[in-house]
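Okay, so here's the structure we're looking at.
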Amino acid sequence: MSKRFYITTAIDYVNGEPHLGHAYEKIVADVIARSRRAAGQETFFLTGLDEHGQKVQQAAQAEGKTPQAYCDELAEVWQRFIAKLGLSNDDFVRTTQPRHQRFVQAILSKLHAGGQLYKEVYRGSYSTKEETFLTAKDRRPDGSFDPIFGEVIELEEENYYFKLGAYQRWLAEHIERNPSFIQPAHRRNEILGFLKNDVLEDLCITRPASRLSWGIPLPFDPDYVTYVWFDALSNYASIPASFGDPALAGPLGLPPSASQPAPSLWPADIHVVGKDIIRFHSVFWPIMLKAAGLLLPLQVLVHGWWQKDGQKMSKSTGNVVDPVRVIDDWGVDAFRYYVLRELDIGQDGNWTHAGFKSRYSAELANGLGNLVNRSLSMLKRYREGVVPPVSTELAADGERALTETRAHLSQNHLQAALQSIWSLVARANQYVDHTAPFKLAKDPAQGRRLDEVLYNLTEVCRILAVLLSPFLLETPAKIYSQLGLGALPGNLSAATWGRLPPGHRIGTPAPLFPRKEGC
RNA sequence: GCCAGAGUAGCUCAGGGGUAGAGCAGAGGACUCAUAAGCCUUUGGUCGGGGGUUCAAAUCCCUCCUCUGGCACCA
């Protein structure tokens, strides 16, 4: 079986609240996944949750629940969130699942057997209250620790380390040779600068089980559990491995697929991550894979952060955008459209209500929505909704939009693709005014000309629905329904000109993005 | 502090030696199919300051100012 296109989001810490940043990352990944499917590629899209760690352990205890019961409840919250965003993920990983733990233990065993791990004593300042070691950064300017840390003692603890530093030069060369490995380019430069100018230190990968029980035990030392790096990052490979993916199961000695043939997913094509965790994904994770003899992902695609009204979002000041609220008020398509259209991937964004409303009314309602409504209304009124013979006056414009959209999507330029699609919207709106079908309709001698104009407009509406299908969820289906065409095609090739059959009778036009008063 | 990047129209940004561009916002107009939407026309800028190279600089060089991003793991 040929390898599928495989894309992931970061997994979210189960304890956190779903916010705009999570929604944005997931929607970006979703649109890329949908665009690949629409290009005819078999695709696998994974998202999920990071459920281990001290904070979960403590929070569960505070609520008198087992950590697993606590996670199960929160996992439902996250799954509802994902459904709200309309994600097309093929699976949902939770790091507490046995299928994930098997992989983590397998890769740790292999690294241990290969001498890539070692045990060492660390001595440092330990906060008994926070149950964590403190670092220089935790010190106040006078050198003392903040009282929030409570009693601070000197403590020794033995842990396992992973030989990260040994791979520093190799990784720098890999990134040099593969310009697309970290995107966008300025993020790549940051990582390269770091790899060339700083010393990469080894990574502490465990906690004693006595201190942290809610984690995956080391297969070769039950006194320890593995800590965030191997536990969380491994999710990208653990799920393909659990299906028996030959690129993973074989090298790690995991059981082959129960259902043959095993899907071929690894290596991942794209890891979509936020700029805050770029280092873990473009330094730690590749080295972990390399050390274990596994293939590296092809690309780490780094997105920026959103601000609200030019300020950092913060729950304490109430300066937040609640994606669920926006979707409830404006619809999932308006939400998805705004975050995709506002930013090129990699830039930081600034959410403003005025900006959101402006794009909603100017681009969605007045641009796209009104075009579809006026076009179909005229076909309904002047031709009883029956599609006239094929005409090709706007065919070149339609084909250009298709070509550009495909080209942009193949490079994950989602914003640029939307701009290309909207240039067809603008062209068609202009065409209405230039050809004035409402005037042609008054002159019986102009019947053939009116037929031509109406075919072109109706076909543009259909093409727009197809082009928008990777981006929007409800609108393309609504357009198809209003066209009386049934199921939306799954492939962008349906956007080639002239597929709207003459003689076909369309459905009932209705506004796509209703005007909203007082919002 | 170090390393990048950026400062161009009211806003968001493109351009990168040879009459300053787009979208939005603003102004005016003709139309009426449509969600009072759409279409056409149009006002805005000595391209951060200063100096230099050149016949010619927003563009190249120097310098200054301002802003942004990054500087991990640090058990």
Side-chain angles (χ1 to χ4, degrees), chain A residues 119-126 132-138 155-162 164-165 184-208 211-212 224 227-229 275-280 282-284 302 304-305 341-344 346-350 352 354-355 358-382 415 419 422-423 425-442 450 453-454 457 509-517:
Chain A
K119 215 171 174 183
E120 193 168 86
V121 172
Y122 174 87
R123 183 181 167 81
S125 304
Y126 182 82
T132 183
F133 277 85
L134 302 174
T135 70
K137 266 196 297 193
D138 296 314
L155 192 71
E156 284 187 358
E157 190 170 293
E158 194 168 30
N159 269 302
Y160 284 89
Y161 289 77
F162 170 51
L164 203 63
H186 70 276
R187 296 296 173 196
R188 174 174 178 265
N189 293 340
E190 277 177 23
I191 294 295
L192 271 178
F194 155 71
L195 285 173
K196 287 176 177 171
N197 299 325
D198 292 88
V199 174
L200 191 57
E201 289 175 21
D202 290 346
L203 200 59
C204 180
I205 61 160
T206 60
R207 296 290 183 272
R211 194 150 78 70
L212 176 67
Y224 290 90
Y227 179 63
V228 58
W229 314 121
K275 64 182 184 181
D276 51 326
I277 53 175
I278 178 175
R279 193 145 313 202
F280 312 146
S282 54
V283 178
F284 298 177
V302 184
W305 282 2
R341 176 62 184 76
E342 185 72 14
L343 298 186
D344 193 18
Q347 303 295 116
D348 281 345
N350 182 27
T352 64
S358 170
R359 291 208 187 278
Y360 180 90
S361 60
E363 294 165 23
L364 292 174
N366 301 346
L368 174 66
N370 190 48
L371 171 69
V372 172
N373 196 229
R374 68 199 305 208
S375 299
L376 301 194
S377 294
M378 286 191 283
L379 182 62
K380 193 91 179 170
R381 175 183 298 203
Y382 305 139
Q415 181 193 46
Q419 286 169 323
W422 254 261
S423 72
V425 172
R427 173 70 186 104
N429 269 321
Q430 179 191 55
Y431 179 78
V432 175
D433 283 79
H434 287 185
T435 58
F438 39 87
K439 284 182 182 159
L440 298 173
K442 290 173 182 160
L450 179 59
V453 171
L454 291 175
L457 287 173
L512 291 172
F513 296 93
R515 292 178 64 80
K516 295 189 51 111
E517 306 296 341

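Every chain is numbered from 1, with letters handed out A, B, ... down the list of sequences.
- Nucleic acid contact class of Asn159(A) (heavy atoms, under 4.0 Å, all strands): base.
- A9(B) and U43(B) have their C1' atoms separated by 10 Å, with the value rounded to a whole Å.
- As rounded to the nearest Å, U46(B) and C2(B) have P atoms that lie 35 Å from one another.
- Within the nucleic acid shown, Val228(A) has no heavy atom closer than 4.0 Å to any nucleic acid atom.
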Self-check item: Secondary-structure notation, RNA chain B, from Watson-Crick and G-U pairs under 3.5 angstrom (| other strand)
Solution: (((((((..((((....[..)))).((((.........)))).....(((((..]....))))))))))))....
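- Side-chain N/O atoms of Asn370(A) include none lying less than 4.0 angstrom from OP1 or OP2 on G38(B).
- Arg341(A) comes within contact range of no nucleotide atom at all, as no heavy-atom separation falls under 4.0 Å.
- Spacing of P atoms, C13(B) relative to A72(B), comes out at 28 Å, to the nearest Å.
- Counting only heavy atoms from C-beta on, Asn373(A) has its side chain closest to A34(B) among A34(B), A72(B), G38(B).
- Annotation: side chain of Val283(A) is in contact with side chain of Phe194(A) (closest heavy-atom distance under 4.5 Å).
- The separation of C47(B) from A22(B), taken at their C1' atoms, amounts to 15 Å, rounded to a whole angstrom.
- Two residues, Arg187(A) and Glu158(A), neighbour RNA chain B, and the one matched to the more 5' nucleotide by heavy-atom proximity is Arg187(A).
- Residue Gln430(A) places at least one side-chain N or O under 4.0 Å from the OP1 or OP2 atom of C40(B).
- Contact between the side-chain N/O atoms of Arg359(A) and the OP1/OP2 oxygens of C24(B) is not found at any separation under 4.0 Å.
- Phosphate contact (OP1/OP2 of A37(B), side-chain N/O of Arg515(A), threshold under 4.0 Å): present.
- A20(B) and A57(B) have their C1' atoms separated by 13 Å, given to the nearest Å.
- Closest approach to the Phe284(A) side chain among C73(B), C31(B), A34(B) is made by C73(B) (side chain taken as heavy atoms from C-beta onward).
- Across the C1' atoms, G44(B) and G51(B) are found 30 Å apart, a figure rounded to whole Å.
- Between the side chain of Asn366(A) and the base of G38(B), no donor-acceptor pair under 3.5 Å is found.
- Within 4.0 Å of Glu190(A), counting heavy atoms only, lie sugar-phosphate atoms of the nucleic acid but no base atom.
- Nucleotides A25(B) and G15(B), compared at atom C1', are 22 Å apart to the nearest Å.
- When the nearest nucleotides of RNA chain B are assigned to Asn189(A) and Ile205(A) by heavy-atom distance, the more 5′-ward of the two goes with Asn189(A).
- Using a 4.0 Å heavy-atom criterion, one finds that Leu164(A) contacts no nucleic acid atom at all.
- Using atom P as the reference point in both C65(B) and G28(B), the two lie 46 Å apart (nearest Å).
- Residue Gly193(A) is classed as having no contact, given no heavy-atom separation below 4.0 Å to the nucleic acid.
- Residue-level contact check: Arg123(A) touches neither bases nor backbone, having no heavy atom under 4.0 Å from any strand.
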